[in-house]
Amino acid sequence: MHELTLAQALVGEVARIGAREKAEAVESVTVAIGALSGVDRAAFAFAFPLAAEGTALAGAFLNVVEVPLGVVC
């Protein structure tokens with residue numbers, strides 16, 4: 001399940017940014033996921049709170065924005 005690895009990477013990056021900005025907690029995270037990304041949105045949403053446990057992101061709301069496929073010729 002690579003969604004857990006993606007969620008862990010997202011949590012790690014946001015936690016680093018939060019620490020740099022001296023944030024005590026993160027309330028929400030918005031992430032855009034493309035139509036052909038291969039990411040299962042339900043699995044990602046399930047994995048996010050697991051990855052966030054024990055971090056400044058614990059309890060944060062995850063907002064997933066789906067980016068539709070765009071083709072240019």
Side-chain angles (χ1 to χ4, degrees):
M1 177 159 123
H2 76 283
E3 284 79 2
L4 178 57
T5 303
L6 294 172
Q8 289 170 327
L10 176 63
V11 166
E13 187 62 25
V14 173
R16 278 188 289 282
I17 293 167
R20 183 184 71 215
E21 299 297 323
K22 297 179 178 42
E24 293 180 17
V26 175
E27 293 181 8
S28 68
V29 176
T30 299
V31 63
I33 299 178
L36 295 179
S37 65
V39 176
D40 182 312
R41 281 117 182 109
F44 187 76
F46 179 80
F48 179 78
L50 299 175
E53 281 182 16
T55 72
L57 283 82
F61 174 76
L62 176 66
N63 180 31
V64 177
V65 176
E66 295 190 32
V67 179
L69 176 63
V71 179
V72 177
C73 292

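Here the structure is a predicted model, which means the values were calculated and not measured. These numbers come from the heavy atoms of this one structure, side chains and all, not from hydrogens, waters or symmetry mates.
- Within the model, atoms CZ of Phe48 and CG of Leu6 stand 12.5 Å from one another, a figure rounded to the nearest 0.5 Å.
- Nearest heavy-atom pair, Leu4 versus Ala47, reported as atom, atom and distance to 0.1 Å: CA-CB, 3.7 Å.
- Residue Val31 forms a side-chain contact (heavy atoms from CB on, under 4.5 Å) with just one option from Val39, Leu62, Val65, Val14, and that option is Leu62.
- In this structure, Asp40 and His2 have side chains that are not in contact, with every pair of non-hydrogen atoms separated by 4.5 Å or more.
- Between Val26 and Ala60, the shortest heavy-atom distance links the atoms O-CB, 3.3 Å.
- Nearest approach of Glu24 to Ala56, heavy atoms of both residues: O-CB, 4.0 Å.
- Contact between Ala32 and Val67 at its shortest, heavy atoms only, is CB-CG2, 3.7 Å.
- Under the 4.5 Å side-chain contact rule for hydrophobic residues, Leu36 and Val71 share a cluster.
- Contact record, Val11 with Ala51: CG1-O, 3.7 Å, taken as the closest heavy-atom pair.
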